[in-house]
Amino acid sequence: MKELEKTKRISISTVLFILVLIIGVLTFKQPRNVYKKTQEETLSALKSTDYLVHLEDIANQDPVIIDVRSKSEYSISHIENAINIPTAEILENKSIALLSDVKNTGETAFIYGKNPDEANSAWMLLYQLGYDNTKILNVETNHIDNKLVVKNYSLEKPIANYLEIFKTITPEKVEQIKKITPKPTKKVIPVKKKKKRKPEGGC
Amino acid sequence: MKESKKNRHVYWNPYFGGFLLGLLIIFTFYMTGRGLGASGVMKSGVVTMVDQVSHEHTLHNAYYSKFVSGDKSPMNNWLVFETLGVLAGAFLSGSLANRIGFRVQHSPKITVKRRLVFALLGGILFGLGAQIARGCTSGAALSGMAVLSTGGFITMLSIFGTAFLFAYFFRKNWI
Amino acid sequence: MGPLIPNGILSYEWNIIIAVLIGLAFGFILEASGFSSSRKLAGVFYGYDFAVLKVFFTAALVSVIGLYYMDYLGWINISMLYVHPTYLWAAIVGGAIMGIGFVAGGFCPGTSICAVAIGKLDAWVYVLGIMIGVLVFSEAFGTFENIYNDTNLGNITLVDSLGLPASWIILTVTVIALIAFFISDVVRKRVKKVFY
Amino acid sequence: MINRKLAKILSKRYIILASLLLIAALGLVLLPSYQKNENTTAENLLAKVINPERYITSDVLADNIITNDPSIILVDVREVDEYTAYTLPNAINIPLGDILNEDYQGYLDQDRYNIILFSNENFKADQAWLLLNRLGYSNLHVLNGGINGWYHTILNPPKPTEDMPNEAYELYNFRRAAGLFFGVGIKAKEKKVVKKAVKKVVPKPKKKKRKPEGGC
């Protein structure tokens with residue numbers, strides 16, 4: 001069989017194929033942080049609100065406190081011996097190392113930010129990555145006359161009487177401003193047309 | 001042998017051809033998420049022809065109606081375009097190695113008529129089998145094996161198995 | 001990034017253009033490796049030319065190894081790829097009929113299209129035969145219906161049906177293929193040469 | 001002689017090629033398997049969480065509702081009782097507890113509509129947003145400030161003082177007008193007269209089967 005002798009091309013292509021595979025494998029690094037908790041587990045953790053902790057609960061023992069605000073806010077003022085990890089760097093090696101050794105020693109880390117919403121994103125990410133020894137400090141921090149005021153934050157409380165608004169107030173005549181109210185600029189949210197096309201196949 | 005005649009039958013090294021075909025399958029799966037195919041074209045062809053002949057027949061027949069429902073014309077199918085490419089590619093490769101020419105390739109022992117009869121018979125059987133198994137050698141077996149699909153392996157084994165079994169009966173056609 | 005079009009990275013219109021390009025390459029490779037001549041195809045059954053076995057197995061191996069490496073490296077998402085559905089009896093009976101058709105006719109649909117392109121009249125007849133076969137199947141769909149829809153095991157892969165991890169299956173398939181290549185060489189040396 | 005030497009090399013070459021292929025297959029076996037992140041990796045999720053692009057202000061939302069923007073679906077993640085007390089027009093109620101169960105995925109996992117999650121404040125809506133983003137859903141937005149913010153801006157806007165720029169007045173007028181649309185200030189009994197915002201039938205998009213279909 002004549003063509004079996006012509007092996008130049010096949011050997012070149014096989015070597016190239018193997019090279020591509022080797023390069024691919026060598027340059028490949030496994031994803032560092034992998035979700036340990038499934039969505040359902042995280043959801044059930046959200047239902048029980050024991051991850052929200054008030055300031056006075058932790059006043060006694062000296063806790064590990066993590067401040068997720070930016071460096072500048074942290075430098076202005078922060079809760080004493082709080083460690084500053086801005087949310088953007090929560091997944092950096094340094095912070096992951098810190099969190100894992102906090103987890104090994106069995107302590108719980110408390111996360112706080114300007115308000116619980118900010119701390120929530122960092123906390124949820126860490127929880128899903130398996131650091132379930134973290135909790136959110138349910139506090140609102142703002143800097144008033146160069147002293148950090150930390151107040152407990154009432155979370156998701158509806159304003160007491162917002163239903164009455166529909167009954168009481170009559171619209172007072174707004175006559176002193178006679179200019180025709182400009183048509184509010186119609187902000188068009190560009191709807192990304194992303195069609196997910198399934199692959200069909202077969203012969 | 002004449003120079004042009006000599007290199008008419010020099011094909012690629014089969015391993016090289018297989019290697020390129022493997023890369024092509026990877027490329028197809030990477031781009032479109034589906035494998036190659038061939039016998040789907042004949043089905044679309046038949047369905048369009050039957051549809052031209054009598055439209056309501058295609059609507060009533062259980063098998064045709066699957067392909068003619070709504071505005072989806074059977075010809076608007078991935079395989080039809082792929083087959084156009086196959087025709088062009090084969091013509092290109094054939095002309096490069098000047099294998100183009102109308103002829104019937106048959107073993108010296110048999111007549112052209114017998115070869116054509118067996119080709120027709122083989123075609124009918126293959127058309128039937130391809131529809132039952134939902135795929136032919138390149139669609140079900142090759143693309144199936146690329147993703148380790150059990151159906152693909154079974155189809156491949158049964159095709160080559162029965163082919164080897166029945167090879168004895170058709171040996172006069174080939175050897 | 002996985003299959004580009006299903007993931008929406010490439011728009012659906014690309015599908016047609018890619019189809020033609022892939023077909024072009026498919027036709028060229030098949031024709032260049034000699035699959036347009038039916039006698040070369042039939043050689044695998046009579047031992048004088050194992051081109052079909054070599055091309056087929058190499059293509060399957062290269063694609064399966066390549067796809068699973070890409071899956072490992074995260075370039076493709078195997079679970080989104082189309083897996084041929086497994087209808088047990090349909091595959092066996094259909095495969096048997098196709099096997100006989102293969103030995104009798106000498107072509108399979110892909111290679112017959114290649115042969116049609118370079119002017120093989122027996123391939124034209126073969127394609128006509130396939131169409132008649134499809135016609136027979138669809139007209140008499142009632143009789144074939146029970147085999148057609150029999151024991152549908154869904155789009156399962158060998159990993160679920162054998163329970164082995166994919167890499168071991170690929171290793172065994174590779175070893176089997178290499179043994180088959182070796183045996184085909186031994187057999188080809190002993191079988192009487194056929195010039196075509 | 002040449003032929004014999006050629007054959008000797010060739011037979012060895014095929015063995016080399018076969019062994020290369022075997023090594024490739026063996027490599028696949030020996031590679032340490034790792035748990036793959038499904039659709040979004042932690043880093044992508046973090047990147048999405050940081051940028052506040054997901055927030056939509058109540059003014060923009062009020063404008064969208066008034067101009068009957070068809071591309072938005074409002075999802076209220078509060079509990080049922082708060083939902084029945086007051087909610088935005090045409091909002092669907094998916095309490096945070098069962099945001100993941102199957103029958104709501106038809107609404108959440110599609111890319112034709114912009115889904116706007118809201119609760120009393122940002123907290124619950126953010127959590128829902130993060131969970132859904134981990135599943136890889138797209139077009140999710142959160143109403144900045146939630147219902148409380150909505151109350152403070154649209155329903156009961158603070159009156160601008162004299163030294164405020166003209167925009168503050170315009171904004172105040174817009175909010176006052178929007179408040180009217182949402183029924184503020186109209187006596188309870190007349191309230192029924194006001195044209196009820198037509199109940200937009202929120203089409204439950206049929207969840208496309210994930211499995212690719214094929215044909216031969």
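The sequence lines fix the lettering, A, B, ..., with proteins before strands; numbering per chain opens at 1.
Looking at B:F166, both its backbone and its side chain come within 4.5 Å of chain C, counting heavy atoms on both sides. Heavy atoms closer than 4.5 Å to chain C are found in the side chain of B:H57, but not in its backbone. Contact of B:L96 with chain C is made through the side chain alone, with heavy-atom distances under 4.5 Å. When heavy atoms are compared at a cutoff of 4.5 Å, B:V50 approaches chain C solely by way of its side chain, counted from C-beta outward. Neither the backbone nor the side chain of B:S95 comes within contact range of chain C; no heavy atom of the residue lies under 4.5 Å from a heavy atom of that chain. Both the backbone and the side chain of B:F19 come within contact range of chain C, with heavy atoms under 4.5 Å apart. With a threshold of 4.5 angstrom between heavy atoms, B:F118 approaches chain C through its backbone and through its side chain. Contact annotation for B:L24: only side-chain heavy atoms (C-beta onward) come within less than 4.5 Å of a heavy atom of chain C.
Aromatic ring centres of C:F35 and B:W12: separated by at least 6.0 Å.
Ranked by heavy-atom pairs under 4.5 Å with chain B, the list C:L30, C:I170, C:V134 is led by C:V134. Of the listed residues (B:V147, B:T155, B:T83, B:V47), the one with the most heavy-atom contacts under 4.5 Å to chain C is B:V147. Most heavy-atom pairs under 4.5 Å with chain B, from the set C:C108, C:G66, C:G110: that is C:C108. Per-residue counts of heavy-atom pairs under 4.5 Å with chain B were compared for C:V62, C:L24, C:V64; the largest is that of C:L24. Among B:N13, B:N76, B:L87, the residue with the largest count of heavy-atom pairs under 4.5 Å with chain C is B:L87. The residue among B:G122, B:G151, B:S107 with the most heavy atom pairs within less than 4.5 Å of chain C is B:G122. Of the listed residues C:I147, C:D71, C:T157, the one with more heavy-atom pairs under 4.5 angstrom with chain B than any other is C:T157. Looking only at heavy-atom pairs under 4.5 Å with chain B, the residue among C:A123, C:G133, C:G142 that has the most is C:G133. Of the listed residues (C:K192, C:E145, C:K120), the one with the most heavy-atom contacts under 4.5 Å to chain B is C:K120.
The side-chain heavy atoms of B:R103 and C:I118, taken from C-beta on, include a pair separated by under 4.5 Å. Looking only at side-chain heavy atoms (C-beta outward), C:S33 and B:P14 stay at 4.5 Å or farther from each other. Between C:Y148 and B:Y63, some side-chain heavy-atom pair lies under the 4.5 Å cut-off. Inter-residue side-chain proximity for C:F26 and B:S138 is flagged as met; some heavy-atom pair is nearer than 4.5 Å. Using a 4.5 Å heavy-atom cutoff, the side chains of C:I17 and B:F81 are not in contact. For the pair C:F102/B:T162, no side-chain contact is recorded, criterion being any heavy-atom separation below 4.5 Å from C-beta on. The side-chain heavy atoms of B:F126 and C:Y126, taken from C-beta on, include a pair separated by under 4.5 Å. Using a 4.5 Å heavy-atom threshold, the side chains of C:K40 and B:Y11 count as touching.
Rounding to the nearest 0.5 Å places CD1 of C:I5 at 6.5 Å from OG1 of B:T32. Rounding to the nearest 0.5 Å places CE of C:M98 at 11.0 Å from CG of B:L125. In this structure, C:I97 CD1 and B:Q131 CD are separated by 11.5 Å, a value rounded to the nearest 0.5 Å. Rounded to the nearest 0.5 angstrom, B:S149 OG and C:I156 CD1 are separated by 8.0 Å.
A tilted orientation is assigned to the rings of B:F102 and C:W124, their planes being inclined by 30° to 60°.
When all heavy atoms are compared, the tightest approach of C:F45 to B:A167 is CB-CB, 3.8 Å. Here the shortest heavy-atom pairing between C:A42 and B:W174 reads CB-CD2, 3.5 Å. A pairwise comparison of heavy atoms in B:Y30 and C:W75 identifies CE1-O, 3.3 Å as the closest pair. Closest approach of B:Q105 to C:D122, counting heavy atoms only: O-OD2, 3.3 Å. What you find for B:R115 and C:A104 is that their closest heavy atoms are NH1-O, 3.9 Å. The shortest non-hydrogen separation linking B:G94 to C:E31 is N-OE1, 3.5 Å.
At most 12 heavy atoms of other shown residues, nucleotides or ligands fall within 6.0 angstrom of atom CZ in B:F91. Counting non-hydrogen atoms of other residues, nucleotides and ligands closer than 6.0 Å to CZ of B:F164 gives a total above 12.
In this structure, B:R134 satisfies the cation-pi test against C:Y87, with its NZ or CZ atom closer than 6.0 Å to the six-membered ring centre and inside 45 degrees of the ring normal.
Using modelled atom types, one finds a donor on one side chain and an acceptor on the other under 3.5 Å when comparing C:S161 with B:T150.
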Exercise. Evaluate the criterion side chain to side chain contact (heavy atoms under 4.5 Å, CB included) for residue pair C:F28 and B:L20; output intermediate values, then yes/no.
Key: CA-CA 10 Å; C:F28 192 92; B:L20 283 188; over 6 Å; no
Quiz item: Run the side chain to side chain contact (heavy atoms under 4.5 Å, CB included) check on B:I132 and C:W89 step by step: do they pass?
Solution: CA-CA 9 Å; B:I132 295 177; C:W89 284 106; over 6 Å; no
Exercise. Show your working on side chain to side chain contact (heavy atoms under 4.5 Å, CB included) between C:M70 and B:I26 and close with a plain yes or no.
Key: CA-CA 9 Å; C:M70 285 169 78; B:I26 295 175; 3.5 Å; yes
Exercise. Please test C:F56 against B:F160 for ring-ring contact (aromatic ring centres under 6.0 Å, His included), starting from the C-alpha separation and ending with a verdict.
Key: CA-CA 11 Å; C:F56 201 84; B:F160 284 99; 5.5 Å; yes
Exercise. Give the intermediate values and the outcome of side chain to side chain contact (heavy atoms under 4.5 Å, CB included) for residues C:H84 and B:S143.
Key: CA-CA 8 Å; C:H84 185 78; B:S143 315; over 6 Å; no
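Counting only distance, with no hydrogens or angles, the side chain of C:S63 and the backbone of B:G22 share no donor-acceptor pair below 3.5 Å.
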